[in-house]
Asker: 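One structure follows; several queries about it will come next.
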Amino acid sequence: MMYRLAGFTGLKAQIFKISFMAIIDALLIWMFFASMAKEDSSTLSAVIAAIFFFTNLIYFAKFTLPLKFLLPGLILLITFVVVPVAYTIQMSGYVFKTGNEISKADALPQIEANGLTLDDTAPTFDLVLGKVDGKWAALLTSQVDQSVLLATEEKSVVLPAGSYRADDLGIARSTDGFDPVTEDFAANNEESIINLRFPYKDNSFISPQGIDIAAVLTQSLVYDKERDAFTDTASGITYIDNGRGNYAAESDPSMTLTPGWRAWNAFENYTKLLSDPNVRGPFIGVFIWTVSFALISVLMMFAVGLLLAVILNQKIALRRFYRSILILPYAIPSFMSILIWAGMFNRQFGAINALFGTEIDFFNSPTLAKMVILIVNLWLGFPYFYLISSGALQSIPSELEEAAAIDGANNRQIMSKIKLPLILQILSPLLIASFAFNFNNFNIIYLLTGGGPTNVLQGETAGATDILITYTYKTAFGSQEQNLGLASAISMVIFLIVGSISLWSLRRSKVLETM
Amino acid sequence: MKKRYGVASVIAAAALAASAVVGAPAQAANRTIVVWADEQRGPQLQKLIDGNTSIAPGYKIEVKFFSALDALQSAWDKSTAAGGPDVLTGPASMASAGAKSGKLSRIIPSSTLKSEIPTAGLAAMSYKGGIYGVPLDVDTTGFIWNTGLYGATAPATFADMVDYYKANKSAKGFTGGICAFEGTWGSHAVLTALGGGAWDYKGSNANYSKVLLNSSKFKANVDKYLLTDGKSNGFFQWDGCGDAFKAGKIPFGITGAWNFDGITKAGIKYGIGATPGLTASTKGAQWVNYSGAYVTSYAKDHGVDLGARKLVTQWFASTEGQLAMSQLSKRPPASKTATAKVTDPQTLAVGRAAATGTPQVSPALDNKTGGANWYDVLGGVYTDIFTKGKSADATLDAAAAILAKNFANYDATN
């Protein structure tokens, strides 16, 4: 243990450990109950419970010594990597989009509420809530003719004039046997009030629409629990669960009731990626550009970084100064650099057009926009590659270079036959990591071009510079119509692609074997 | 021994945690109506109703606002019952999306409320026959002109503006003639002034089967007023041109009340009116939309549904509430009685301009059946014609083909 290593042992150490664990446990227990109190939080609660269990097991058992050091990292890995991935996998199996967001249990009462029709021929009523014989009742004053009803859940009776007491506005406030409740009391009992239905005429009823107003409604959509179906009493149309998060008309499945719900349909989003031309078309184009962008970016950054490293590895004048300023692009926050570059490439007032006296519209040409992105990404990324290449160059023993020179190799041969292979072996993991980073380089695309240009008039739905991650973002959040299920499926595809390429590359470079 | 310490630790922890857990039900019992708003309406509502306990007795109102409308929209999109609002305020487009997703509750308007709010206002809050909010104020734009440059009298016709721009472009260093501050949305008055627009009207009824964007009249006027030899003459600006207007480099503009303060602070004196049309008696018609207040379905989960309904239907929709909001926001109120009581000259001027506007039917404009919605299509049109110099006729025809599918789908499903 760390405290033992530091000479912190004995009773003090035990008290410290127990106190520390008590605080951690208190925090976890509090988080567990807080998460349990929220909807749709079973996964979160389970994760917190698991962390609680394993933390206590590991820190109070003897056989888990190595895990004591790994546990904080493991918890962070599980919380921020494993759980989000698992959640994304889960969501990719749902029909989860605008109109299909809430649970079926939440959707049902709302569909029923949407099936309430206001009776336009009936008046609205000023409402005074109260009790008759201990049960909910209402004193209702018509806003049309000021006639007054005393309603209970069993019946509604018209009160003759003089049998009730009204206020200055003519609204009935009390009558014999009616015990009005205060607004505070009503507010604290609203769960029972919102479901009150006072009988009116035929199939219609009076329903509170606030604490002091009520309206006459009819239920035009009736739910049949046994059949799990709604019937429109006016048209006779029956709506059944279509298995995709909506009640759809039996006679015409395109007619659906709103709202829908988040429905499990394991492969629908994945099938859509392959079969729906509106999704498949842009997806393939975006995928090709994503791979190209990541590959070209890494190669360019590596080439420029290595070149500068080689040059500055020589003893030249002002070497320290050059080394310092080369780090500057790396030191400035990337989002600031990207926004500055975006301004510089602006057609009307950008520095680049002003410098050359041109009006080139960099961001409305697919080719130019891609070039701009690669240039800016090169600017942002080459200092990193310069740094790691410098390090790698300096780590190569000078004896190798001297031996090669003695054997008659020239500088070009020394570089290409000796140094470059060694550098590549050293830097392979970083090159692969950089490829994976650029594969998901959301910031540069979103801040520089927003994924555009998009030629919507030619039917394009994805921008020319959209990469998979920005396309996913647009699919999930980019418009009024959001499709989180489909976005999750695309995220899974990205995850599999990046994971596979990284694993394959690492194996090819045999880095894992030497680690 | 160790195990005993472990048990002791867990017991101690449970005792600590229990004190926090016990506090939770007390919070749940607090009947607080949480109102969400954007960065403009939020501070205004905080002044007016935050902490209020008398509008809906038994409930306390708490106003929470976001840094921008986008941030509000984003938070609303991601909201669940756990942290979502009870009352939401925002543009009318939230009504259809919220109704479709089940996040908004339907409102049954009283006959008084129905008579107070214009039909177009209630229509803007509707989805599939149900009403999901009450209109707060009119979201629209007015035509403004720089009186320091053009003079106190408004241009009578569109041609007057173009002629003035061409005559003074070099001398006064104009970078544009008219600026639609709010991009494609704000540019609608320019389209309609030239005989274009989204859809046609038969009397007061929208005719969605006829797209006006590629009408022969509009094509001819685009060529006549906005192009020279098929290329942009620089008169029409729609992308980030607001600063140029504030710098006196664009003499005419189309914008809403939310920008008036900034323009005044920039030292620009301006007049407000309706966008000049092809003749002195015709005017361009801008989109007229409404902002709304909505009761969310979360209110029921939070046990404040009735209070939220009262707040929305009896304060937000009331003359008193709408006037109070209008005085702070300078936007014309939605209620008829409140409108009649407005005295602020800027609000009145925008209100008069709005009278010539076109109801903004958000579900039709947001429809993407043809591949892209109205706003994205229009952005593509402007870029192709005015930036890339592509054929206006072919571009407008391509755009109209997409829009025809969008509007037909909207018409068929509503």
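On a predicted model such as this, the values are computed, not experimentally measured, just so you know. Chain A is the first sequence line, chain B the second, and so forth, proteins listed ahead of strands; every chain is numbered from 1.
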Asker: Between E190(A) and chain B, which part of the residue has a heavy atom less than 4.5 Å away: side chain, backbone, both or neither?
Answerer: both
Asker: Ring of W76(B), cation from K103(B) - is the NZ or CZ under 6.0 Å from the centre and inside 45° of the axis?
Answerer: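 Yes, a cation-pi geometry holds between K103(B) and W76(B).
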Asker: Could you look at N364(A) and say if it's the side chain, the backbone, both or neither that has a heavy atom under 4.5 Å from chain B?
Answerer: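 Answer is both: backbone and side chain atoms of N364(A) are under 4.5 Å from chain B.
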Asker: Less than 4.5 Å to any heavy atom of chain B: does that hold for the side chain of T454(A), its backbone, both, or neither?
Answerer: neither
Asker: So which part of L104(B) gets closer than 4.5 Å to some heavy atom of chain A, the side chain, the backbone, both or neither?
Answerer: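 For L104(B), backbone heavy atoms alone lie under 4.5 Å from chain A.
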Asker: Give, as side chain, backbone, both or neither, the part of V381(B) having an atom under 4.5 angstrom from any heavy atom of chain A.
Answerer: both
Asker: As an exercise, state the distance from CD of Q482(A) to CG of N100(A), rounded to the nearest 0.5 Å.
Answerer: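 Result: 12.5 Å between the selected atoms.
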Asker: Pick from G130(B), G303(B), A372(B): which one has the most heavy-atom pairs with chain A under 4.5 Å?
Answerer: G303(B)
Asker: Does A247(B) have any side-chain contact (heavy atoms from CB on, under 4.5 Å) partners at least two apart in sequence or in another chain, and if so, which?
Answerer: K249(B)
Asker: For L368(A), what residues pass the side-chain contact (heavy atoms from CB on, under 4.5 Å) criterion, not counting sequence neighbours?
Answerer: I360(A), F362(A), S365(A), M371(A)
Asker: Is it the case that the side chain of T387(B) and the backbone of D384(B) share a donor-acceptor pair, with hydrogens and angles ignored and the cut-off at 3.5 Å?
Answerer: no
Asker: Under 4.5 Å heavy-atom distance to chain A, tell me which part of I402(B) shows up: side chain, backbone, both or neither.
Answerer: side chain
Asker: Look up atom CD1 in I33(B) and atom NZ in K60(B), then write down how far apart they are to the nearest 0.5 Å.
Answerer: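 Between atom CD1 of I33(B) and atom NZ of K60(B) there are 12.0 Å.
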Asker: Would you mind telling me which of L311(B), V312(B), T383(B), T175(B) has the largest number of heavy-atom pairs within less than 4.5 Å of chain A?
Answerer: T383(B)
Asker: May I ask you to say whether K388(B) pairs ionically with D361(A), meaning some side-chain N is under 4.0 Å from a carboxylate O?
Answerer: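 So K388(B) does not pair with D361(A) through a salt bridge.
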Asker: With the threshold set at 4.0 Å, does a side-chain nitrogen-carboxylate oxygen contact exist between E112(A) and R106(B)?
Answerer: no
Asker: Is T395(B) in contact with chain A via its backbone, its side chain, both, or neither, using a 4.5 Å heavy-atom distance?
Answerer: both
Asker: Stepwise, does the salt bridge (charged side-chain N to carboxylate O under 4.0 Å, His left out) test hold for E101(A) with R262(A)?
Answerer: CA-CA 5 Å; E101(A) 294 163 76; R262(A) 202 166 62 188; over 6 Å; no
Asker: With a 4.5 angstrom heavy-atom cut-off, is it the side chain or the backbone of Q209(A) that approaches chain B, or both, or neither?
Answerer: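 For Q209(A), backbone and side chain are both near chain B.
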Asker: Relative to chain B, which segment of I111(A) carries a heavy atom at a distance below 4.5 Å: side chain, backbone, both, or neither?
Answerer: neither
Asker: Heavy-atom cut-off 4.5 Å, strictly under: side chain, backbone, both or neither for Y375(B) against chain A?
Answerer: neither
Asker: Measuring heavy-atom distances to chain B, does A107(A) have an atom under 4.5 Å in its side chain, in its backbone, in both, or in neither?
Answerer: neither
Asker: Which bit of N114(A) is near chain B, if near means a heavy-atom gap under 4.5 Å: side chain, backbone, both or neither?
Answerer: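 The answer is both parts of N114(A).
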